[in-house]
Amino acid sequence: MERIRNWACFGGQQEVWRHTSTSLGCTMEFAVYLPPQASEKNAKLPVLYYLSGLTCTWENMVAKAGAQRYAAEHGLILVVPDTSPRGVNIPGEDESYDFGSGAGFYVDATQAPWARHYRMYSYVTQELPALIGEHFPMAEMARSGIFGHSMGGHGALICAFRNPQLYRSVSAFAPIVAPSRVPWGEKAFTGYLGADRAAWAAWDATALASNTDWRKPVLIDQGMADEFLESQLKPQLLANAAAGAGIPLTLRLQAGYDHSYYFIASFIGEHIAHHAQQLRR
């Protein structure tokens with residue numbers, strides 16, 4: 001672990017760390033925001049993970065969302081990983097925006113040549129929390145939440161639904177809720193998981209809804225002017241599945257908002273408040 005950048009921000013510190021990942025077999029970077037409360041003696045603060053969307057790194061969220069202000073207000077540690085392994089030299093990994101570099105989809109790949117490095121699910125749910133717990137003594141790992149945008153919203157939902165014992169809160173901005181049924185997900189899942197669609201269900205939030213023990217509140221915001229709403233996102237599929245399974249899900253359809261970080265910045269404070277309320281319990 002090496003801290004490579006840091007800035008003062010809303011009374012706390014925005015940091016960027018680099019490490020060698022055992023899950024991914026490469027060097028990775030992630031961002032950590034430590035609110036001002038982290039410097040208090042014997043501080044124990046909740047941890048909130050944010051998963052970014054296609055083509056992004058940690059920097060998009062850190063620079064554009066304005067999340068640090070609200071993390072400081074509520075006393076939350078904010079952790080933002082990258083979206084895929086980097087520099088692993090798999091042929092074709094840099095050829096498209098929606099598969100390979102910047103598009104790990106937060107699954108553990110089973111197909112060659114991706115299975116060796118493209119294990120973002122294990123990285124997010126196991127390796128990264130272990131690093132945070134080891135190197136940030138003010139982090140209270142038993143109080144963790146997760147949220148994300150688009151591909152990262154998909155990642156947050158499946159991480160929570162598959163691991164209700166690890167996370168106390170979840171939310172998403174414009175998530176890909178049914179990747180098995182939309183072009184982005186079909187392309188990624190075929191490449192990473194193979195052609196057997198039955199194997200995809202374990203990585204699909206809508207499919208997982210009927211098999212998860214998750215019963216804590218779920219918050220989803222979706223812009224109605226989002227160009228990907230009908231073709232790639234389809235939030236009503238998850239809303240219907242959650243209703244049938246008894247999962248308390250709130251889907252807010254926001255008129256005039258698109259898929260950009262202007263949309264995320266408009267509602268990030270409400271999402272962090274949602275997590276803060278659950279993580280205080």
Side-chain angles (χ1 to χ4, degrees), residues 23 48-54 81 83-84 98 103-111 114-115 118-126 128-129 144-222 228-229 232-252 271 274-275 278:
S23 300
L48 180 56
Y49 299 88
Y50 177 88
L51 306 184
S52 300
L54 291 167
T83 53
S84 77
D98 55 356
F105 265 82
Y106 304 102
V107 302
D108 282 352
T110 59
Q111 303 300 299
W114 310 98
Y118 277 69
R119 299 176 50 80
M120 287 299 295
Y121 173 77
S122 289
Y123 179 74
V124 167
T125 60
Q126 299 175 31
L128 186 57
S144 294
I146 191 165
F147 69 148
H149 170 232
S150 193
M151 177 185 72
H154 143 76
L157 290 166
I158 64 167
C159 287
F161 286 1
R162 288 171 60 116
N163 301 280
Q165 77 284 2
L166 293 182
Y167 305 102
R168 291 193 183 184
S169 60
V170 67
S171 74
F173 297 95
I176 306 169
V177 303
S180 299
R181 296 191 244 176
V182 299
W184 277 340
E186 289 175 330
K187 178 178 180 178
F189 282 11
T190 300
Y192 296 138
L193 305 174
D196 181 6
R197 287 177 172 261
W200 297 2
W203 307 100
D204 183 305
T206 298
L208 286 168
S210 61
N211 297 306
T212 181
D213 292 329
W214 184 275
R215 291 298 182 270
K216 295 178 278 291
V218 179
L219 173 63
I220 294 178
D221 272 307
Q222 173 63 61
F228 305 113
L229 175 57
Q232 304 281 11
L233 306 176
K234 302 181 183 294
Q236 197 61 48
L237 293 176
L238 179 59
N240 294 341
I247 299 171
L249 185 148
T250 299
L251 171 60
R252 307 194 307 186
H271 278 248
H274 161 82
H275 289 277
Q278 301 303 314

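- Note: Phe147 and Tyr50 have perpendicular aromatic rings, judged against thresholds of 30 and 60 degrees for the angle between ring planes.
- Aromatic ring pairs are classed by plane angle as parallel below 30°, tilted from 30° to 60° and perpendicular above 60°; the pair Tyr121 and Trp203 is perpendicular.
- The closest side-chain heavy-atom distance from Pro217 to Thr250 is not below 4.5 Å.
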*Show your working on side-chain contact (heavy atoms from CB on, under 4.5 Å) between Ile247 and Arg215 and close with a plain yes or no.*
CA-CA 5 Å; Ile247 299 171; Arg215 291 298 182 270; 3.6 Å; yes
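- Note that the OG atom of Ser144 and the CZ atom of Arg168 stand 8.5 Å from one another [nearest 0.5 Å].
- Interatomic distance, Ser84 OG to Met151 CE, rounded to the nearest 0.5 Å: 7.5 Å.
- What you find for Ala174 and Leu233 is that their closest heavy atoms are O-CD2, 3.5 Å.
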*Worked check of side-chain contact (heavy atoms from CB on, under 4.5 Å) between Tyr118 and Phe105*: CA-CA 9 Å; Tyr118 277 69; Phe105 265 82; over 6 Å; no
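- The two residues Ile176 and His154 come nearest to each other via the heavy atoms O-CB, 3.2 Å.
- Heavy-atom minimum distance, Leu51 versus Ala156: CD1-N, 3.5 Å.
- A tilted orientation is assigned to the rings of Trp214 and Phe161, their planes being inclined by 30° to 60°.
- For the pair Asp98 (side chain) and Trp184 (backbone), a donor-acceptor distance under 3.5 Å is absent.
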_Could you go through Val218 and Leu238, starting from their C-alpha distance and side-chain angles, then the distance that decides it, and tell me whether this counts as side-chain contact (heavy atoms from CB on, under 4.5 Å)?_
CA-CA 11 Å; Val218 179; Leu238 179 59; 5.6 Å; no
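- Distance check: Asp221 CG to Phe173 CZ gives 6.0 Å after rounding to the nearest 0.5 Å.
- Distance check: Asp108 CG to Gln126 CD gives 7.5 Å after rounding to the nearest 0.5 Å.
- Minimum heavy-atom separation, Lys234 to Val177: O-CG2, 3.1 Å.
- Partners of Gln236 according to the side-chain contact (heavy atoms from CB on, under 4.5 Å) rule, which considers only residues two or more places apart in sequence or in another chain, are Ala239, Asn240, Leu251.
- Once rounded to the nearest 0.5 Å, the distance linking CG of Asp213 with CD of Gln165 reads 9.0 Å.
- With no hydrogens or angles considered, no side-chain donor-acceptor pair links Ser169 and His274 at under 3.5 Å.
- Using a 4.5 Å cut-off on side-chain heavy atoms (C-beta onward), Ser52 and His149 make no contact.
- The distance from atom OH of Tyr167 to atom CZ of Arg162, rounded to the nearest 0.5 Å, is 11.0 Å.
- No donor-acceptor contact under 3.5 angstrom links the side chains of Asn163 and Thr125, judged on distance only.
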_Test side-chain contact (heavy atoms from CB on, under 4.5 Å) applied to Leu54 and Thr83, step by step_ = CA-CA 7 Å; Leu54 291 167; Thr83 53; over 6 Å; no
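- Under a 3.5 Å cut-off, the side chain of Trp200 and the backbone N or O of Ala195 do not form any donor-acceptor pair.
- Side chains of His275 and Leu219 form no contact here, defined as non-hydrogen atoms less than 4.5 Å apart.
- Minimum heavy-atom separation, Leu208 to Ala201: CG-O, 3.7 Å.
- Between Ala178 and Leu237, the shortest heavy-atom distance links the atoms CB-CD1, 3.8 Å.
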